[in-house]
Amino acid sequence: MTVDTKEDIKALLSAEGDRMTDLLRRGLQVKLDHLDNCVHLRGLIEYGNVCEKNCLYCGLRSGNGNVARYCLSDEEALGCARLAHGLGYGSVALQSGERTDPAFIDKIEYLVREIKKIDGGSLGVTLSLGEQSEETYRRWFEAGAHRYLLRIESSNEELYYKIHPRNDKHSFRRRIDCLESLKSIGYQTGTGVMVGLPFQTLDHLAEDLLFFRRMDVAMVGLGPYIPHPDTPLYRHKDIIPSAKDRMDMTLKMIAVLRIMMPEINMVAATANQTIDPQGREKAIAAGANVIMPNLTPGEYRESYFIYPDKACVKDRPDQCQTCLDIRLAAIGHRILYNAWGDSLAFTKKNGTKSQ
Ligand code: SAM
Ligand code: SF4
């Protein structure tokens, strides 16, 4: 299967029936050949849902008045990290709405330093806190964070502005600059897109995959778009592909990307499981190798309402873990506990040791 040109990629993304099954099998085989059957965990801490931005698809947007806003206390956030360590997760991921005020920046720096004190720095730290200045990214990196996820959402500028307001706060150019800053600082940098957006075409999706390769990122998170009723993009919900088609396209994107970039880390996003009960396992079986189980304290989970019917909102972390172990064993995979699970693409290039 050749993946050199946009036409090659579009042909693969068009696969259906037996051809699609072959593609997904190939994605899995490439992963097993270059990596292994291990799945890495990032305990997800949804730190807060206050957001300065107004992305047209997201329930946390500042313009949505129907959200009870929260921010975890230090003790709650650090409790989640200790829980992750106790459960044997090698890493945590701190995610939140975008805030750029000095109090927030200081607080994240403090929390990262405190998380790194747990058991002598045994937890890896991924951040997903949106667009920040280069100085902020550097401060958080120096505090001990080593991976950063910032989805480009769509690599096509025209489509980007159909799903974001066209203003300085939502600049496509700035988002790319942020990704460049993160890479130059030394983060394992991840990006990604939503699949099945209104107005998105096969060309856009093929361009997204080429964008990931051109940016030479270490990690990618791909997931289906899920319309949220309290957002402006919801009015286009009738022109998007069905849930099954969004799921199938996400799986094909994962498989093609695994063939294109065999050694990167790829997240099986929770959104997959939201539109298909087997969604995360299907993503793993198509080439993804990272899962982010939710560790956010129960009382806040429903307020981190990015999109409706989020999977596992009511599960306790220990239940989630048993369920994951069983589900992954059923597809010939196993969780690698007590390891950071760094991106091989990154560690090889930078001559660092994989942890
Ligand atoms: N604020 C940070 C940012 O935007 O990078 C991190 C949190 S944000 C909620 C994390 C991701 O949620 C976004 O990158 C976006 O792709 C995804 N997301 C938001 N709304 C979504 C929706 N309606 N359907 C699927 N994914 C969505
Ligand atoms: Fe805020 Fe991120 Fe949602 Fe955009 S995607 S509104 S930046 S939380």
*Asks:* Between K349 and D216, is the closest basic N to carboxylate O distance under 4.0 Å?
*Replies:*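 Salt bridge present between D216 and K349.
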*Asks:* What do the steps show when you test Q95 against Y304 for side-chain hydrogen bond (donor to acceptor under 3.5 Å, both in side chains), and what is the final call?
*Replies:* CA-CA 10 Å; Q95 195 185 76; Y304 202 81; 2.9 Å; yes
*Asks:* Using the side chain to side chain contact (heavy atoms under 4.5 Å, CB included) rule, take L222 and I254 through it: C-alpha gap first, then chi angles, then the decisive distance, then the call.
*Replies:* CA-CA 7 Å; L222 290 169; I254 289 173; 3.7 Å; yes
*Asks:* Supply the atom-to-atom distance L12 CG to T2 OG1, rounded to the nearest 0.5 angstrom.
*Replies:*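 It is 7.5 Å, given to the nearest 0.5 Å.
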*Asks:* Whether D177 and R173 form a salt bridge (side-chain N of Lys/Arg under 4.0 Å from carboxylate O of Asp/Glu) is what I want to check.
*Replies:*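 Judged by the 4.0 Å cut-off on N to carboxylate O distance, R173 and D177 do form a salt bridge.
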*Asks:* Clusters formed by hydrophobic residues whose side-chain heavy atoms approach within less than 4.5 Å: which one holds L28, and what are its other members?
*Replies:*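 In the cluster with L28 are L32.
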*Asks:* Contact between R99 and V50 at the side-chain level, heavy atoms closer than 4.5 Å - yes or no?
*Replies:*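 They are in contact (side-chain heavy atoms under 4.5 Å apart), so the answer is yes.
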*Asks:* Is the W140 ring parallel, tilted or perpendicular to the Y148 ring (thresholds 30°, 60°)?
*Replies:*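 The arrangement is parallel - the two ring planes meet at less than 30°.
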*Asks:* Both conditions, 6.0 Å and 45 degrees, for the charged tip of K107 above the ring of F104: are they met here?
*Replies:*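 Judged by the rule (NZ or CZ under 6.0 Å from the ring centre, within 45° of its axis), K107 is not positioned above F104.
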*Asks:* Minimum heavy-atom separation for L197 and E153, please, with both atom names.
*Replies:*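 So the two residues come closest at CD1-O, 4.0 Å.
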*Asks:* side-chain hydrogen bond (donor to acceptor under 3.5 Å, both in side chains) for K31 and H333? Distances and angles first, verdict last.
*Replies:* CA-CA 12 Å; K31 178 179 73 168; H333 282 69; 2.8 Å; yes
*Asks:* Under a 4.0 Å N-O cut-off, is there an ion pair linking R138 with E142?
*Replies:*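 Between E142 and R138 there is no salt bridge, as every charged N stays at least 4.0 Å from the carboxylate O atoms.
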*Asks:* State plainly whether the residues K244 and D248 are in salt-bridge range, i.e. N to O under 4.0 Å.
*Replies:*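 Here K244 pairs with D248 in a salt bridge, since their nearest N and O are under 4.0 Å apart.
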*Asks:* Could you tell me whether the side chain of K116 and the main chain of L123 form a donor-acceptor pair under 3.5 Å?
*Replies:*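 Confirmed, K116 side chain pairs with L123 backbone.
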*Asks:* Under the 3.5 angstrom rule, does the side chain of S343 hit a backbone N or O of I264 as a donor-acceptor pair?
*Replies:*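 No, the answer is negative, given that no donor and acceptor are paired below the 3.5 Å cut-off.
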*Asks:* Within the distance-only criterion (no hydrogens, no angle test), does the side chain of T189 pair as donor or acceptor with the backbone N or O of L179 below 3.5 angstrom?
*Replies:*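 Between the backbone of L179 and the side chain of T189 there is no qualifying donor-acceptor contact (under 3.5 Å).
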*Asks:* Would you confirm whether R301, through its side chain, and T296, through its main-chain N or O, come within 3.5 Å as a donor-acceptor pair?
*Replies:*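 Side chain of R301 to backbone of T296: a pair is present.
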*Asks:* Checking D8 against T5: is there a side-chain donor and acceptor pair closer than 3.5 Å?
*Replies:*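 Distance-only check passes for T5 and D8.
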*Asks:* Please check if any side-chain donor atom of S133 sits under 3.5 Å from a side-chain acceptor atom of T136, or the reverse.
*Replies:*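 The criterion, which ignores hydrogens and geometry beyond distance, is satisfied for T136 and S133.
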*Asks:* Do S128 and R151 meet the criterion of a side-chain donor-acceptor pair at a distance under 3.5 Å?
*Replies:*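 Not at all, the side chains of S128 and R151 share no donor-acceptor pair under 3.5 Å.
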*Asks:* For D106, is there an ion pair with R139 - N to carboxylate O distance below 4.0 angstrom?
*Replies:*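 The answer is yes: the pair qualifies as a salt bridge.
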*Asks:* Quick one: do S155 and D208 satisfy side-chain hydrogen bond (donor to acceptor under 3.5 Å, both in side chains)? Show the steps, please.
*Replies:* CA-CA 5 Å; S155 66; D208 290 336; 2.6 Å; yes
*Asks:* In terms of side-chain geometry, is the basic nitrogen of R175 or E131 positioned less than 4.0 Å from the acidic oxygen of its partner?
*Replies:*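 So R175 pairs with E131 through a salt bridge.
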*Asks:* Going by an N to O cut-off under 4.0 Å, is there a salt bridge joining R174 and D168?
*Replies:*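 Answer for the salt bridge query: no.
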*Asks:* Given 3.5 Å as the limit, does a donor-acceptor pair link the side chain of Y307 with the main chain of A271, or not?
*Replies:*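 Answer holds: yes.
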*Asks:* Mark yes or no for whether E109, through its side chain, and I105, through its backbone, hold a donor-acceptor pair below 3.5 Å.
*Replies:*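 No; judged by distance alone, with no hydrogens or angles, the pair does not exist.
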*Asks:* Within the 4.5 Å heavy-atom criterion, are I176 and F172 side-chain neighbours or not?
*Replies:*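 Touching, per the 4.5 Å side-chain cut-off.
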*Asks:* Heavy-atom distance under 4.5 Å between the side chains of C58 and H228, does that happen here?
*Replies:*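 Heavy-atom side-chain distance check fails, nothing below 4.5 Å.
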*Asks:* How many angstroms lie between atom OG1 of T231 and atom OH of Y57, to the nearest 0.5 angstrom?
*Replies:*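 One finds 10.5 Å between OG1 of T231 and OH of Y57.
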*Asks:* With a 4.0 Å cut-off, would you call R82 and E75 a salt bridge?
*Replies:*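 Yes.
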*Asks:* Could you walk me through whether H170 and Y161 pass the side-chain hydrogen bond (donor to acceptor under 3.5 Å, both in side chains) check?
*Replies:* CA-CA 8 Å; H170 300 81; Y161 285 119; over 6 Å; no
*Asks:* Go through the side-chain N and O atoms of R280 and N272 and say whether any donor and acceptor fall under 3.5 Å apart.
*Replies:*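 There is no such pair (donor and acceptor under 3.5 Å, judged by atom type) between the side chains of R280 and N272.
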*Asks:* Between the side chains of H85 and S122, does any donor sit under 3.5 Å from an acceptor?
*Replies:*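 Their side chains do contain a donor-acceptor pair, which is all the 3.5 Å distance test asks for.
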